[in-house]
Trainee: 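Can you read through this structure? Questions will come right after.
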2 protein chains.
Amino acid sequence: MLAAARTAFAERGFDGATIRGIATAAGVDPALVHHYFGSKDKLFLAAVEAPADPDEVLPAVLAAGRDELGASAVRMLLSLWDGPARPAGLALIRSAVSNEWTAKLLREFLVAKVVGRVVGTLGYSDEERDARGALVASQLIGLVMIRYVLCAEPIASASHESLIAAIGPNVQRYLTGELEPPAPARPRPHPPS
Amino acid sequence: MLAAARTAFAERGFDGATIRGIATAAGVDPALVHHYFGSKDKLFLAAVEAPADPDEVLPAVLAAGRDELGASAVRMLLSLWDGPARPAGLALIRSAVSNEWTAKLLREFLVAKVVGRVVGTLGYSDEERDARGALVASQLIGLVMIRYVLCAEPIASASHESLIAAIGPNVQRYLTGELEPPAPARPRPHPPS
């Protein structure tokens, strides 16, 4: 079931994949998938081997209020990565960098299930939500790369509070600052019909 | 020679490694290393399999002037990665993510030879230069991860100009904005003597 789920989520994205389709591909009854995983959300997290469950950590991020969301997101990232989520997070990044399919799953996880849900509370159009979300993701994954993968000083051993003070405002600008969201140079190609 | 150089640069960093030491480890005369590579700088770039030579690309970045450095750095990164440097850059990141030694080399390359030289023109103390450089590196490597590794839209297909407008100001804040540079929570551990 998890292999079929990975294929479906990587090929179609979280929104495009269905429990029915995944069950069919795995040769089982959809009720069995529901029984084991409860929801498409939980099945996705299991398929990605997600380092944390957004349902559990995002409420604390969102409790911060609009003007503190940037700092709050950096704080949560640091507490997860300096805590239980680091091994699974590193494994996910290692796999995504060398494997296109895992890259798609990590992208879905990060953009649709984590950052998109934070930006989604701010009342933008879908297009602007996606653009701001990708910008936020670029800073957060860059922080992970520098602190936990490359271990570059002084970020590698900096205190949480000093990183939140330095990086939080940049994330905040991506969330609520005045900016023209990045747009393609030309219309995106249509998917093959 | 390159294997000995990689070991030396990863163990001691760019500043700590010497051509003499590398030559000794490789069992050759230092003059031979000079003959083949010309300088420690070029030997380092060859050892890292650097995607671009900072001596060739940084002058154009620095020509922009203090208040345009952030935009200029993003512009150069995009032109390199949407041009000849991408395959070598991706290979370097893939290797660094799964191999601690390559991570050290990439860190040296990015921090000491690229970002550090840009921040080094701004007149900060060494400590502040390193802190601001690491922040800049976090945003730039994050942009690479989102656009070229995870290929998340709309950043993956955004025009250079729209990315420069969105991300340049954030890099500029790290370069010249008012901020308290990140600092360790406690004194860094001494290296083993």
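Numbers restart at 1 for each chain; the letters A, B, ... are given by sequence-line order, proteins then strands.
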Trainee: At a heavy-atom separation under 4.5 Å, does A/Val149 approach chain B through its side chain, its backbone, both, or neither?
Mentor: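 Contact with chain B involves both backbone and side-chain atoms of A/Val149.
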Trainee: Within the side chain of B/Arg94, is there an N or O that forms a donor-acceptor pair under 3.5 Å with the backbone of A/Val97?
Mentor: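 Side chain of B/Arg94 to backbone of A/Val97: a pair is present.
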Trainee: Counting heavy-atom pairs under 4.5 Å with chain B, which one of A/Thr102, A/Val171, A/Ile167 comes out on top?
Mentor: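 Maximum pair count with chain B is reached by A/Ile167.
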Trainee: Quick one: which residues of residues 55-92 of chain A reach chain B at under 4.5 angstrom, heavy atoms only?
Mentor: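 The residues closer than 4.5 Å to chain B amount to none at all.
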Trainee: Do you know which of B/Ser98, B/Pro182, B/Ala103 has the most heavy-atom pairs with chain A at a distance under 4.5 angstrom?
Mentor: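 Going by pairs under 4.5 Å, I would pick B/Pro182.
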Trainee: For the CD atom on B/Glu180, are there more than 12 heavy atoms of other groups (residues, nucleotides or ligands in this structure) within a distance under 6.0 Å?
Mentor: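 At most 12 heavy atoms, drawn from other residues, nucleotides or ligands, come within 6.0 Å of this atom.
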Trainee: Can you tell me if A/Lys40 uses its side chain to pair, donor with acceptor, with the backbone of A/Ala17 under 3.5 Å?
Mentor: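 Yes.
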Trainee: Looking at A/Ala165, A/Gly177, A/Pro169, which has the largest count of heavy-atom pairs under 4.5 Å with chain B?
Mentor: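 Most heavy-atom pairs within the cutoff with chain B belong to A/Pro169.
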Trainee: I'd like to know if the side chain of A/Arg129 reaches the main chain of A/Val119, judged simply by a donor and an acceptor atom lying under 3.5 Å from each other, with no hydrogens or angles considered.
Mentor: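 No.
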Trainee: Measuring heavy-atom distances to chain B, does A/Ala96 have an atom under 4.5 Å in its side chain, in its backbone, in both, or in neither?
Mentor: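 Both backbone and side chain of A/Ala96 come within 4.5 Å of chain B.
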Trainee: Any sub-3.5 Å donor-acceptor pair from B/Arg147's side-chain atoms to B/Gly142's backbone N or O?
Mentor: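 The answer is no, because no donor-acceptor pair under 3.5 Å joins these two groups.
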Trainee: Examine whether an atom of A/Gln139 lies under 4.5 Å from a heavy atom of chain B, and if so say whether it belongs to the side chain, the backbone or both; otherwise answer neither.
Mentor: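 Contact with chain B: backbone and side chain both.
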Trainee: Can a donor-acceptor pair be found, under 3.5 Å and without considering hydrogens, that links the side chain of A/Glu108 to the backbone of A/Ala112?
Mentor: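 No, the answer is negative, given that no donor and acceptor are paired below the 3.5 Å cut-off.
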Trainee: Can a donor-acceptor pair be found, under 3.5 Å and without considering hydrogens, that links the side chain of B/Arg132 to the backbone of B/Tyr174?
Mentor: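 Yes, the answer is positive, given that a donor and an acceptor are paired below the 3.5 Å cut-off.
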Trainee: May I ask you to decide if B/Arg117's main-chain N or O and B/Thr121's side chain share a donor-acceptor pair within less than 3.5 Å?
Mentor: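 Pair absent, no side-chain N/O of B/Thr121 close to backbone of B/Arg117.
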Trainee: Which one wins on heavy-atom pair count under 4.5 Å against chain B: A/Leu110, A/Ile141, A/Leu179?
Mentor: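 With the most close heavy-atom pairs to chain B, the winner is A/Ile141.
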Trainee: Looking at A/Ala166, A/Ser162, A/Gly133, A/Ser138, which one has more heavy-atom pairs under 4.5 Å with chain B than the rest?
Mentor: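 When all of A/Ala166, A/Ser162, A/Gly133, A/Ser138 are compared, A/Ser138 has the most.
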Trainee: The test is side-chain hydrogen bond (donor to acceptor under 3.5 Å, both in side chains); show your working for A/Ser157 and A/Glu153 and say whether it passes.
Mentor: CA-CA 7 Å; A/Ser157 56; A/Glu153 293 296 355; 2.7 Å; yes
Trainee: Quick check: does any side chain N or O of B/Arg107 sit under 3.5 Å from a backbone N or O of A/Ala152, one acting as donor and the other as acceptor?
Mentor: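 Judged by distance alone, no pair lies under 3.5 Å.
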Trainee: At a heavy-atom distance under 4.5 Å, which candidate from B/Val111, B/Leu143, B/Leu163, B/Leu135 has the highest pair count against chain A?
Mentor: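 Result: the option with the highest number of such pairs is B/Leu135.
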